[in-house]
Amino acid sequence: MSAEWFFYFVNWAAYHQIHKGEGAEPLRSARALWYYGYSLTRLVGGLAGGQSNSPGFTAHGVSSLAIDLTPESFIAACVTQQNARMGVFDPRLLRPQLMPALAGFTSEVLRLFNPQKSHPQSHSA
């Protein structure tokens with residue numbers, strides 16, 4: 001399922017929650033955090049046990065991928081895609097906040113631990 005469908009679904013669910021009187025920001029945020037925690041617990045459990053999280057892929061299968069992907073390049077690609085996809089939607093709609101904030105925080109932490117990769121310097125001869 002594409003990100004656009006999730007985006008529409010989240011906004012549709014928020015619309016119904018608000019009209020049922022369950023739309024207060026703290027309630028929606030608390031509910032979202034609970035679901036994020038639940039999903040993260042399942043993900044970590046699957047990775048720790050090397051069990052399949054989805055049909056056809058296991059945590060051990062990642063070693064068969066032959067790509068040069070660093071955490072920095074992965075986060076940069078995600079942020080670029082996020083901005084491109086969300087840029088076409090009406091700004092009044094709900095937008096993802098937690099994961100983009102975590103991506104920004106993680107980028108800054110990675111930059112602190114690996115400053116030469118984040119800010120390449122030219123060397124004169």
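When reading the values below, keep in mind they use all heavy atoms of this one structure, side chains included, and skip hydrogens, waters and symmetry mates. Quick caveat, the model's predicted, so the values are computed rather than measured.
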With the 4.5 Å side-chain cut-off for hydrophobic clustering, are [X] and [Y] part of the same group?
X	Y	result
L102	L33	yes
V44	Y35	no
V88	L93	yes

- Query: Y38 vs W34 aromatic rings, parallel, tilted or perpendicular, using cut-offs 30° and 60°?
  - Reply: parallel
- Query: Looking only at heavy atoms, which two atoms of P96 and P100 are closest? And how far apart?
  - Reply: O-CG, 3.6 Å
- Item | Non-hydrogen atoms of G87 and R95 that approach each other most closely | N-NH1, 4.3 Å
- Message: Any non-hydrogen side-chain atom of R31 less than 4.5 Å from a side-chain atom of Q17?
- Response: yes
- Message: Quick one, I75 and L110 - any side-chain contact, counting heavy atoms below 4.5 Å?
- Response: yes
- Query: Between R85 and F7, does a side-chain contact (heavy atoms from CB on, under 4.5 Å) hold up when you go through it step by step?
  - Reply: CA-CA 10 Å; R85 288 175 181 253; F7 185 71; over 6 Å; no
- Verify side-chain contact (heavy atoms from CB on, under 4.5 Å) between E72 and R111, making sure each step is shown before the conclusion. CA-CA 8 Å; E72 294 91 347; R111 192 170 295 130; over 6 Å; no
- Donor-acceptor contact below 3.5 Å, side chain S39 vs main chain Y36: no
- Task: Using the ring pair (Phe, Tyr, Trp, His ring centres under 6.0 Å) rule, take Y15 and Y8 through it: C-alpha gap first, then chi angles, then the decisive distance, then the call.
- Result: CA-CA 10 Å; Y15 173 83; Y8 286 124; over 10 Å; no
- Message: For a ring pair (Phe, Tyr, Trp, His ring centres under 6.0 Å) check, start with the C-alpha distance between W12 and F9, then their side-chain angles and the critical distance, and finish with the verdict.
- Response: CA-CA 5 Å; W12 174 82; F9 177 75; 5.8 Å; yes
- F74 atom CZ, over 12 foreign heavy atoms within 6.0 Å: no
